[in-house]
Engineer: 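Below is the structure I would like to discuss, written out as structure tokens.
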Amino acid sequence: MKVFSYTITDPLGMHARPAGLFVKEAAHYNSKIEIVKGDKKADGKRILGVMGLAVKCGEEVVITIDGTDEDEALETLERFMKENL
């Protein structure tokens, strides 16, 4: 299992566009991908779950990746977060 945390810097938070793009990226991998904000968890491959976290600017999320392609998924999703959020 791979884990990384990221603090959202986008002034609008994790709004619809980047959340949708994140889900699209996550869907490329067989690994289970989960986003955690505080005591809430969401499946990283489901847009409604990701949007339901209501992540705002300055809040930290923890992303866990568990599966056969977790190394590749970690690299891609971590880069995505830095470039888009």
Side-chain angles (χ1 to χ4, degrees):
M1 178 179 350
K2 302 290 182 181
V3 178
F4 74 94
S5 60
Y6 183 76
T7 301
I8 303 299
T9 58
D10 187 312
L12 300 175
M14 195 168 194
H15 56 94
R17 185 189 54 78
L21 292 173
F22 180 91
V23 168
K24 190 174 180 180
E25 286 292 327
H28 289 102
Y29 300 99
N30 293 322
S31 296
K32 179 180 177 184
I33 299 170
E34 217 172 47
I35 302 176
V36 179
K37 180 190 111 178
D39 60 350
K40 292 182 176 181
K41 286 184 191 179
D43 182 338
K45 297 180 182 182
R46 303 222 179 254
I47 185 69
L48 292 178
V50 174
M51 292 295 300
L53 293 174
V55 183
K56 301 195 179 347
C57 183
E59 293 182 324
E60 181 180 72
V61 293
V62 176
I63 299 169
T64 60
I65 306 166
D66 189 21
T68 56
D69 53 2
E70 61 190 24
D71 291 323
E72 184 182 346
L74 171 75
E75 182 181 319
T76 300
L77 295 175
E78 193 169 24
R79 183 175 3 115
F80 173 85
M81 295 296 279
K82 289 176 182 175
E83 291 174 358
N84 296 283
L85 290 163

Engineer: Linking I/L/V/M/F/W/Y whenever their side-chain heavy atoms sit closer than 4.5 Å, directly or via other members, would Leu12 and Leu21 fall into one cluster?
Structural biologist: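 No.
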Engineer: First locate atom OG1 of Thr9, then atom CG of Leu85, and finally report the distance between them rounded to the nearest 0.5 Å.
Structural biologist: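 CG of Leu85 is found 7.0 Å from OG1 of Thr9.
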Engineer: Honestly curious: do Val3 and Phe22 fall in one hydrophobic cluster under the side-chain, below-4.5 Å linking rule?
Structural biologist: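 No: no chain of side-chain contacts under 4.5 Å links Val3 to Phe22.
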Engineer: Enumerate the salt bridge (charged side-chain N to carboxylate O under 4.0 Å, His left out) contacts for residues 45-57, please, sequence neighbours excluded, ordered by first and then second residue.
Structural biologist: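 Checked against salt bridge (charged side-chain N to carboxylate O under 4.0 Å, His left out) - neighbours excluded - the pairs reaching residues 45-57 are Asp43-Arg46.
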Engineer: Side-chain heavy atoms nearer than 4.5 Å, only ILVMFWY residues, links allowed to pass through others: does that put Val36 and Met51 together?
Structural biologist: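 Different hydrophobic clusters.
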Engineer: Is there a continuous path of hydrophobic side-chain contacts, each under 4.5 Å between heavy atoms, that joins Val50 to Phe4?
Structural biologist: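 Yes, it is one cluster - the side chains of Val50 and Phe4 are joined through contacts under 4.5 Å.
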Engineer: Under the side chain to side chain contact (heavy atoms under 4.5 Å, CB included) test, which residues partner Ser5, sequence neighbours left out?
Structural biologist: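 Side chain to side chain contact (heavy atoms under 4.5 Å, CB included) check on Ser5 returns Glu60, Val62.
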Engineer: What are the two closest non-hydrogen atoms of Lys37 and Val55, and how far apart are they?
Structural biologist: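 Of all heavy-atom pairs spanning Lys37 and Val55, the closest is CD-CG2, 3.7 Å.
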Engineer: side-chain contact (heavy atoms from CB on, under 4.5 Å) for Leu53 and Glu59? Distances and angles first, verdict last.
Structural biologist: CA-CA 11 Å; Leu53 293 174; Glu59 293 182 324; over 6 Å; no
Engineer: Any salt bridge (charged side-chain N to carboxylate O under 4.0 Å, His left out) pairs touching residues 2-23, not counting sequence neighbours?
Structural biologist: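 Those involving residues 2-23 are Lys2-Asp71.
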Engineer: With side-chain hydrogen bond (donor to acceptor under 3.5 Å, both in side chains) as the rule and sequence neighbours excluded, what pairs involving residues 19-35 come up?
Structural biologist: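 Checked against side-chain hydrogen bond (donor to acceptor under 3.5 Å, both in side chains) - neighbours excluded - the pairs reaching residues 19-35 are Tyr29-Thr76, Ser31-Asp69.
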Engineer: How close do Ala42 and Gly49 get, counting heavy atoms only, and between which atoms?
Structural biologist: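 In this case the closest contact between Ala42 and Gly49 is CB-O, 3.3 Å.
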Engineer: With sequence neighbours excluded, what pairs up with Glu72 under the salt bridge (Lys or Arg N to Asp or Glu O under 4.0 Å) test?
Structural biologist: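 Glu72 satisfies salt bridge (Lys or Arg N to Asp or Glu O under 4.0 Å) with no other residue.
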Engineer: Are Tyr6 and Glu78 packed together at the side-chain level, in the sense that at least one heavy-atom pair is separated by less than 4.5 angstrom?
Structural biologist: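 They are not in side-chain contact.
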Engineer: Tell me whether Ile35 is reachable from Met1 by hopping between hydrophobic residues (I, L, V, M, F, W, Y) whose side-chain heavy atoms are closer than 4.5 Å.
Structural biologist: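 Looking at the clustering, Ile35 is in a separate group from Met1.
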Engineer: Roughly how far, to the nearest 0.5 Å, is CG of Leu74 from OG1 of Thr64?
Structural biologist: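 One gets 11.0 Å once the value is rounded to the nearest 0.5 Å.
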Engineer: Could you tell me if the side chain of Ile63 sits less than 4.5 Å from the side chain of Met81, heavy atoms only?
Structural biologist: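 Yes. Closest side-chain heavy atoms under 4.5 Å.
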